[in-house]
Every structure is written in C-alpha cells, then in structure tokens.
There are 2 protein chains.
Amino acid sequence: MTKDSSTPMVTVHEVARVAGVSAATVSRFLNGTARVSEDKRRAIEGVIERLNYKPNVLARNLKTGSSRTVGVLTQSLVSGYFADALAGVDDALQGTGYAPLIVSGHWHADEEAERIELLIARRVDGLVILSGNLKDAQILKLSQRVPIVAFGRRLEGTRAYGFCLDNYRGACDAVEHLLAHGHRDIAFITGPSDHADALARLAGYRDTLARHGILEQPQLVLPADFDESSGLAAVERLLASGQRFSAIFAANDLSAYGARLALYRRDIRVPDDVSVVGFDDLHSSMYTTPPLTTVRQPLFDVGRCLGRAILAMIGGEKMAREMPELSLVVRESVRRVA
Amino acid sequence: MTKDSSTPMVTVHEVARVAGVSAATVSRFLNGTARVSEDKRRAIEGVIERLNYKPNVLARNLKTGSSRTVGVLTQSLVSGYFADALAGVDDALQGTGYAPLIVSGHWHADEEAERIELLIARRVDGLVILSGNLKDAQILKLSQRVPIVAFGRRLEGTRAYGFCLDNYRGACDAVEHLLAHGHRDIAFITGPSDHADALARLAGYRDTLARHGILEQPQLVLPADFDESSGLAAVERLLASGQRFSAIFAANDLSAYGARLALYRRDIRVPDDVSVVGFDDLHSSMYTTPPLTTVRQPLFDVGRCLGRAILAMIGGEKMAREMPELSLVVRESVRRVA
DNA sequence: TTGAAAGCGCTACCAG
DNA sequence: CTGGTAGCGCTTTCAA
C-alpha cells in the first residue's frame with residue numbers, strides 16, 4: 001500500500017488531536033449522531049477546514065457494513081430505452097449520498113445472475129433490476145440477501161417489489177387510434193416471444209381487433225425482435241407476401257424505424273400510403289420523418305420511482321407505489337383512411 | 001449496524017480456524033500472494049466451499065486503500081454518443097475486478113468538478129473523463145490525486161493522458177465527399193462555439209472549401225447546438241433566408257436529424273433535392289430515411305481504449321497510445337449533382 | 001456532553 | 001512455507 005506523499009492522509013484522530021477533543025467527538029460531529037457543544041463544534045470545524053480533512057469512505061464502509069451504493073442491473077448501456085431509466089435512477093439518487101453501480105446483463109439470465117453476484121459482493125445496499133430474463137423466483141431468493149426493486153415484472157415481497165406499466169392497455173390505445181382513423185388491415189410487428197411486455201402488446205393488438213369484430217389475419221402478425229433490422233425484415237416479408245394492409249403497429253419504436261425504412265425503400269409513403277405507430281417513444285421518435293406516433297413509456301419517471309423506492313426500502317421506510325402511466329402521443333405517422 | 005441473521009458472516013478467521021491454518025494463509029491463498037502447500041490449499045478450498053465464504057470487499061478496500069473502481073465522468077446518460085463510449089469502458093473493465101462508477105456532468109464545469117470530488121471521495125483508483133467543460137489545467141491538477149485518462153482533449157502528464165480524434169480531418173473528408181458529388185453551395189450546421197470538436201469540424205469545413213477555391217458564404221454557416229431542435233431551427237432559418245444551397249453538412253448526427261425534419265416539412269427531398277451529411281454515426285443513423293451518410297466516430301472502441309488505458313495507468317504499466325480513427329461512412333443521403 | 005477502547009474483516013510484515 | 005500480530009480509519013458502545 002503506497003502512501004501518497006502529496007496527500008498527507010489526515011484522519012479523525014489527527015483532527016481530534018489538533019482540535020483538542022476525542023476522535024469520537026469528531027465522528028459525532030461529522031455524522032450528527034449526538035449533540036456536540038458549541039465550542040468544540042467550532043474548533044472541530046476549524047481544524048477540518050485547515051487540515052482539509054476528508055473522511056475515509058472505505059473505513060466508514062467497513063465499519064457500517066454498507067457501501068452507500070445501489071446496484072442497477074440494466075440490459076444494455078447503449079439502448080435509449082434503458083438509458084432513460086438509468087438517468088431516472090441516477091436522478092433519484094442524486095444528493096442522497098448513494099451512488100449507482102451500473103452493470104449490464106445483455107438479456108442473458110446467466111450473465112445477469114453473475115453481475116448481480118458481483119454487485120452483492122461489492123456490498124450494494126439495494127438493487128434495481130431493469131427487465132431481464134431472470135425468473136421471478138430467483139429475484140425473490142436474491143431479495144433475502146439485498147432489497148430489490150424491479151421493473152418489468154410484477155413482484156411483491158418483504159424486500160422485493162416489482163411493477164410493470166400497462167403494456168396491454170397501451171397497445172389497445174394504439175390500435176384504437178388506428179381503428180379510429182379508419183384502418184382495418186393493421187399489421188403488427190411483434191417483439192421477442194419470451195418477453196412479457198411484447199406478449200402483452202400482442203394481446204392488446206389481438207383483443208382490440210376482436211373487440212371491434214375484426215378477424216385477425218395471421219399473415220399480418222410479423223415476428224421480430226425489438227430492433228430495427230428485424231423490423232425492416234418483417235416489413236420486407238410482408239411486402240413480398242402481397243398482403244393488403246394500410247397500417248403497421250410495431251411493438252417498439254426501434255422496429256418501427258426498421259419498418260419505416262423498408263417502406264421507404266419501396267417508395268411507400270408514411271403516412272400517405274401506410275400509417276405507422278410505435279411503442280416506447282424514444283427521444284429520436286420526435287425527429288423521425290415523419291415524427292412517429294407512438295405509445296409513450298415515461299422511462300425517466302419510471303427510473304426515478306425505482307430509485308426512490310429502493311432508497312425507501314433501504315431506509316426501512318414505506319415506499320410510494322404510484323407509478324407513471326403510458327400514454328399515446330400522436331404525431332404525424334398516422335393518416336385517416338376512407 | 002444490523003447483522004443480517006440470514007447471512008452468518010463468515011470471516012477469514014472462521015475459515016482459517018475450521019481449516020486448521022492461520023488467517024494469513026487463507027489470505028495468501030485467496031490472493032495468490034505466496035505459495036501455499038498443496039494440502040493446506042485443499043483444506044482451505046474445501047472449507048471455503050462448505051462455509052460458502054465470500055471475502056468482505058469493504059474490509060479489503062480499507063486495508064488496501066483501493067476500491068477497485070474507476071470513476072467515469074460522462075456528460076449525459078441518455079446520449080447515444082456517450083452511451084457507446086460508456087459501453088466501451090465497461091467492456092474494457094469486464095473481468096478485471098474493476099467496476100465503473102458512472103456520473104454525469106451535464107456539460108457543466110461546476111457539476112463536473114463536484115461529481116469528480118464525489119468520485120475521489122469514494123476512492124476511485126482512476127478516472128475516465130468523457131469530454132466536458134473542465135479546463136485542462138483543472139484536470140492536470142486533479143491528476144495529482146488520481147490517474148486520469150480523458151477523451152476530447154489533448155493532455156499529457158505523468159498521471160494524465162488525453163486524446164482527441166481528428167475531427168478536423170473528419171470534417172474535411174465529409175466536405176470532400178460533397179464536393180466530389182458536385183456540390184458547391186454547402187451549408188454547415190455548427191455545434192456549440194465553446195466545444196473544441198465543433199470548432200475543429202467548422203475549421204475543416206472552411207479550409208476544405210478554401211482549398212477548392214470556393215468562397216465561403218457566411219449565410220450558409222448556421223449556428224446550432226448539437227441537438228435536433230437547434231438543427232431543425234437552423235435549417236428553417238436557412239430556408240426562410242432564401243439562400244441557395246444543395247447540401248448540408250451538420251456538425252453532428254443529431255442536428256442532421258433536425259435538419260432532415262426541417263427539409264421534410266417543406267417537402268424537400270433528401271437526397272434528391274438536398275444532400276445531407278452528418279457526424280458521429282449514431283446507431284440510429286443507419287435507419288433514418290434515407291440512411292445517413294456521416295463521419296463515423298468509433299466510440300465503443302474509444303471507450304475500450306480509455307478503459308484499457310486507465311487500467312494500465314493504475315497498474316503502473318505503459319499504456320498503448322494507438323487510438324481508433326474516424327472514417328466516412330457513405331449511405332444514401334448524398335446525391336451527385338450536375 | 002465527552003473520552004477511552006474495542007473492534008469491523010482483511011492484508012502484510014516479521015519471525016521462524 | 002507458515003503463523004502471529006499490528007494495524008487500515010472509522011463508528012459505537014460503555015462509563016464517566
């Protein structure tokens with residue numbers, strides 16, 4: 001262990017000695033753990049200032065058994081979707097003394113479990129889990145070791161809580177919007193079939209059509225993977241099939257982008273020839289051409305709720321359970337048809 | 001300090017006692033600090049397994065004075081630009097025992113300085129700084145306390161190193177490309193005037209025109225701020241001015257998106273009526289309509305270089321100084337004109 | 001309100 | 001190759 005000569009490494013004891021008090025008193029002053037008389041308080045303050053004393057977080061961590069850190073499991077650092085939620089968590093933690101420790105699981109259960117172990121090994125005080133492929137049971141088990149708040153799964157335990165937004169409802173709104181604009185032949189670009197949100201959106205699509213007495217056309221349901229390239233491929237297949245359709249509802253914005261490009265390549269105009277609706281409302285959807293009508297997921301707010309919730313759990317307080325809602329944001333990618 | 005009853009908190013001493021060796025030996029085994037005889041080694045392994053012993057990182061951190069953590073200062077969590085670099089840093093750190101501690105400075109020098117202090121207080125072993133508004137001198141000063149690797153500024157010190165990509169050259173390439181396609185009236189959407197990269201790109205634009213004997217038209221240089229809305233506004237102003245132009249070179253992809261939307265709103269086709277070139281090559285640029293021709297910044301690789309570099313510095317090794325290069329990626333937003 | 005002292009769990013020095 | 005031991009810098013009883 002090299003002692004940094006430029007940093008004299010001043011300790012509580014040093015401060016205490018110079019201020020003519022005990023280390024305990026300095027500690028009490030620092031943490032507000034107990035009353036400290038006015039004169040000593042002032043003396044300590046002065047010495048801290050003069051010596052430029054900074055408490056050693058590492059020592060405090062060892063003593064208190066906490067790292068003042070919350071682990072955040074995301075699936076991808078480069079996804080606009082997760083990035084928003086991350087920013088929300090970060091925002092909630094700001095100024096609380098807690099810092100987020102972010103790891104990425106890449107939608108792979110094993111990797112997620114491994115990263116979480118790393119987080120626990122680092123003694124995070126709480127865990128925020130953003131989607132992923134872990135089983136609810138695994139998370140419940142994990143929550144015996146550390147409090148957990150999750151997004152993208154419904155969960156209820158003493159030290160675990162998880163919630164979803166109403167994806168089904170969001171999808172219904174999107175399809176209703178298309179229907180209200182006269183569309184009947186609506187294609188749906190699905191998400192991964194093992195993804196709960198994707199499934200809920202598919203169900204919303206199906207049920208809404210059914211509710212309106214519209215027979216589902218299986219050829220209009222196009223498998224894809226929540227990304228641009230699969231959205232593009234899906235629509236290319238659709239176009240090749242010769243199926244009639246006047247609108248596309250994509251299970252997320254990324255696949256809507258891909259769909260839009262496939263249309264563009266065939267000189268099919270949006271919304272003049274085909275209407276498109278997405279899901280998520282990524283930042284960029286406001287600036288696509290045309291700006292995309294989509295179901296907004298308020299992910300920053302979600303992240304903030306998660307951050308606040310895990311803080312509450314760590315502090316042993318009751319956490320707020322209100323969560324933000326989905327909402328359709330109407331832009332310019334849908335046109336009324338006869 | 002609450003003792004978690006579900007976790008009996010087994011220590012080195014416990015392991016040592018059960019294995020019939022000393023704590024020191026267990027520690028040596030754990031860290032490979034010294035040879036441990038085969039029999040003791042096996043005994044220890046068994047006990048660790050049986051007791052499910054996990055070393056307490058917090059104690060190790062205190063003892064070694066290191067948190068095995070590298071601080072990463074980014075400017076925005078939600079920017080695709082920074083996200084890529086972050087992912088690169090994360091990738092470089094993977095499996096090294098170091099974890100990134102990510103904070104965001106939001107392009108505000110004060111906030112950046114504050115976050116960095118927090119990072120140092122948490123005893124990060126190194127710092128990666130992604131752009132920002134801190135002065136080089138401040139960073140050099142900081143580097144006395146912790147080794148630093150920075151991106152977006154040229155820096156050279158014993159414990160600090162910073163590098164830029166050749167933005168000037170990238171801009172030259174972009175303009176050359178436009179010129180080669182017959183464009184002469186090329187508008188330029190600038191970035192923030194206090195941003196070095198933005199300035200370098202502007203200089204590249206200017207010099208390339210000059211080199212080709214083209215007089216710069218000041219009305220074609222449009223101030224903007226590296227985001228969609230200012231790019232949009234810039235082109236709206238340009239359009240309103242009635243200035244002739246056949247191409248737009250945007251200082252970054254985001255402003256190119258905004259420009260593209262402004263054009264769309266006026267029914268000006270890209271690339272048929274106006275060609276557009278961006279800078280950065282965000283993921284989404286592959287799926288805009290049309291896909292955007294742009295100067296690629298290999299940010300993931302940059303991040304990886306940064307990660308490796310800071311690790312090398314921390315380890316006292318010599319760091320590699322080769323950095324990735326910019327390159328023009330030609331897609332579909334530029335058309336040849338007469 | 002204050003101080004002395006006992007560790008938190010680990011690593012590393014020093015003997016052997 | 002191994003064990004004893006002395007802390008890392010802090011917080012927190014316990015007693016005064």
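We name chains A, B, ... by the order of the sequence lines, and we start the count at 1 in each one.
The side chain of A:Thr64 approaches D:dT11 more closely than any other nucleotide in the set D:dT11, C:dG9, D:dG4. Here the nucleotide nearest the side chain of A:Ala24, chosen from C:dG3, D:dT11, C:dT11, is C:dG3. For A:Ala23, the listed nucleotide lying nearest its side chain is D:dT11; candidates were D:dC8, D:dT11, C:dT11.
If you measure from atom CG of B:Leu62 to atom P of D:dA6, you get 18 Å, rounded to the nearest angstrom. For the pair A:Leu51 CG and D:dG9 P, the computed distance is 14 Å after rounding to whole Å. Here C:dG7 presents its P atom at 17 Å from CE of B:Met9, a figure rounded to the nearest Å. Distance, B:Arg68 CZ to C:dT11 C1': 13 Å, rounded to whole Å. Between A:His13 atom NE2 and D:dG9 atom P the separation is 10 Å, expressed in whole Å. Residue B:Lys63 contributes atom NZ, which lies 7 Å from atom P of C:dA12 at whole-angstrom precision. Distance CG (B:Asn56) to C1' (D:dG9): 15 Å, rounded to an integer number of Å. Atoms CD (A:Glu14) and P (D:dC10) sit 11 Å apart, rounded to a whole Å.
The residues A:Glu112 and A:Arg115 are annotated as not salt-bridged, no charged nitrogen and carboxylate oxygen being separated by less than 4.0 angstrom.
Within residues 25-40 of chain B, the residues approached by DNA chain D to less than 4.0 Å at the level of any non-hydrogen atom are B:Thr25, B:Arg28, B:Arg35, B:Val36, B:Ser37, B:Lys40, in residue-number order.
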Would A:Gln75 and A:Leu73 satisfy side chain to side chain contact (heavy atoms under 4.5 Å, CB included), going step by step from the backbone distance to the final call?
-> CA-CA 7 Å; A:Gln75 298 309 319; A:Leu73 173 69; 4.1 Å; yes
Residues B:Asn61, A:Asn61; criterion side chain to side chain contact (heavy atoms under 4.5 Å, CB included); working and verdict = CA-CA 9 Å; B:Asn61 286 351; A:Asn61 286 350; 6.0 Å; no
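B:Glu114 places none of its side-chain heavy atoms less than 4.5 Å from the side chain of B:Glu117. For the pair B:Val146 and B:Ile116, the minimum side-chain heavy-atom distance is 4.5 Å or more.
Although no hydrogens or angles enter the test, the distance criterion places no donor-acceptor pair under 3.5 Å between the side chain of B:Asn31 and the main chain of B:Thr33.
Shown here is A:Glu49, whose CD atom has no more than 12 heavy atoms of other residues, nucleotides or ligands within 6.0 Å.
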